[in-house]
Amino acid sequence: TALLVAADYTGAAESVRRGLRPGQRAKMRFPNRAALQAGIGGDRWAALELPTQRLHPTPRSLRLLLERHGLVATRVTQPPFGRNVVWMWQTLLNGFTFHTNFARDVIRGRLRPKTARNPATFAVDALVSILAAVPIALIAVPLELGAVAARRGGELEASVAIPEASTAPLYDRSHGS
C-alpha cells in the first residue's frame with residue numbers, strides 16, 4: 001500500500017491505475033469539498049490551492065472520479081489528524097487576515113513583506129497570526145474532530161484498487177432476447 005498525495009489527481013489516478021496489480025491497494029488523499037471547513041472558509045478555505053490543485057472532490061465525486069479512471073474505492077475514510085487539522089486552523093485564521101493562507105505562505109517562503117499587498121498589511125497579518133495562533137488552534141482541533149465524527153472532515157483518504165473483473169456475460173440470452 002502506497003500513500004499518494006498529489007495536486008493533479010486525474011493524472012495521479014491514471015498513474016495509480018497503471019501501477020497497480022490485481023489484489024494491490026493504494027491510498028490516495030484528497031481535500032474534501034463537502035467538509036465543514038470548506039463551508040466555513042468558502043473561497044478562503046485553506047485547502048484551496050488554485051490554480052495548482054483544481055480538483056476538490058466530495059466523497060461521491062471521488063468515487064465517480066476513481067471509477068472513470070478504472071479504479072474502485074474499497075474504503076473512504078476521513079482521518080482525524082493530519083493536514084485536515086492544519087487546514088481547519090488556517091481556514092479559521094484566514095477570517096482574521098488580509099492575505100489568504102498568510103501563515104502557511106510565510107512558512108513556505110511564498111510570501112514576504114516585499115511580495116505582500118503592502119508592508120502594512122503584512123505587518124498586521126503577522127501580528128494577528130502570532131496573537132491568534134494558539135486560541136484558534138484550541139478551537140480548530142475539536143471543531144475538526146467533530147466534523148470528522150459527523151463525516152464532514154477536511155480530508156478524504158481513499159483505499160483504491162483495480163475492480164475485480166465481472167464474470168457476467170456481456171449479452172444475456174436467458175430472456176429470449
Original post:
With respect to Arg44, which candidate in Thr91, Asn94, Thr100 satisfies the side-chain hydrogen bond (donor to acceptor under 3.5 Å, both in side chains) definition?
Top reply: Thr100
Original post:
Any idea which heavy atoms bring Thr74 and Ala161 closest together, and the distance?
Top reply: CG2-CB, 4.1 Å
Original post:
In a check of side chain to side chain contact (heavy atoms under 4.5 Å, CB included) between Asp125 and each of Leu93, Asp105, Thr97, which one passes?
Top reply: Thr97
**OP:** Answer yes or no: does atom CD of Glu67 have more than 12 heavy-atom neighbours from other residues, nucleotides or ligands under 6.0 Å?
**Re:** no
**OP:** Give the cluster check for Val16 versus Ile162: same hydrophobic cluster or not, with ILVMFWY residues linked at side-chain heavy-atom distances below 4.5 Å.
**Re:** yes
Original post:
How long is the span from the CD atom in Gln37 to the CG atom in Leu92, to the nearest 0.5 Å?
Top reply: 8.5 Å
**OP:** Give a yes or no on whether Leu65 and Val160 share a hydrophobic cluster (residues Ile, Leu, Val, Met, Phe, Trp, Tyr; joining criterion: side-chain heavy atoms under 4.5 Å apart).
**Re:** yes
Original post:
Is Gln78 reaching over with its side chain to a backbone N or O of Arg151, donor-acceptor style, under 3.5 angstrom?
Top reply: yes
Original post:
With side chains defined as the heavy atoms from C-beta onward, is the minimum distance between Glu144 and Trp87 less than 4.5 Å?
Top reply: no
Subject >> Minimum heavy-atom distance between Gly70 and Pro163, given as atom pair plus value >> reply: O-CD, 3.2 Å
Subject >> Other ILVMFWY residues reachable from Ile107 by side-chain steps of under 4.5 Å >> reply: none
Subject >> From Gln90 atom CD to Ser129 atom OG, the distance as rounded to the nearest 0.5 Å >> reply: 7.0 Å
Original post:
Rounded to the nearest 0.5 Å, how far apart are CG of Leu111 and CZ of Arg117?
Top reply: 10.0 Å
Original post:
Applying the 4.5 Å side-chain criterion to the ILVMFWY set and letting contacts propagate, would Leu145 and Val85 be lumped into a single cluster?
Top reply: yes
**OP:** For Met28 and Leu66, run side-chain contact (heavy atoms from CB on, under 4.5 Å): C-alpha distance rounded to whole Å, both residues' side-chain angles, the deciding distance at 0.1 Å, then the answer.
**Re:** CA-CA 10 Å; Met28 298 178 75; Leu66 293 172; 4.1 Å; yes
Subject >> Closest non-hydrogen atom pair between Ala140 and Met88, with its separation >> reply: O-CG, 3.6 Å
Original post:
Between Leu36 and Trp89, is there a shared hydrophobic cluster once you connect ILVMFWY residues whose side-chain heavy atoms come closer than 4.5 Å?
Top reply: yes
Subject >> Neighbour count >12 (heavy atoms, 6.0 Å) for atom CZ, Arg108 >> reply: yes
Original post:
Taking only residues two or more places apart in sequence, or in another chain, which ones meet Thr115 in a side chain to side chain donor-acceptor pair (under 3.5 Å)?
Top reply: none
**OP:** Please name the pair of heavy atoms, one in Arg83 and one in Phe30, separated by the smallest distance, quoted to 0.1 Å.
**Re:** NH2-N, 4.3 Å
**OP:** Please round to the nearest 0.5 Å and tell me the distance separating atom NZ of Lys27 and atom CD of Glu157.
**Re:** 4.5 Å
Original post:
Closest heavy-atom contact between Pro142 and Ala137?
Top reply: CD-O, 4.3 Å
Subject >> Shared hydrophobic cluster for Ile40 and Ile139 (ILVMFWY, side-chain gaps under 4.5 Å) >> reply: yes
Original post:
Should the heavy atoms of other residues, nucleotides or ligands under 6.0 Å from CZ of Arg112 be counted, would the total exceed 12?
Top reply: no
Original post:
Is the closest side-chain heavy-atom distance between Phe96 and Ile136 below 4.5 Å?
Top reply: yes
Original post:
If you take all heavy atoms of Glu155 and Pro79, which pair is closest and at what distance?
Top reply: O-CD, 3.4 Å
Original post:
Do Asn101 and Arg110 have side-chain heavy atoms sitting under 4.5 Å apart?
Top reply: no
Original post:
Does the separation of the ring centres of Phe98 and Phe122 fall below 6.0 angstrom?
Top reply: no
Subject >> Expected output: side-chain Arg152 to main-chain Gly39 donor-acceptor under 3.5 Å >> reply: no
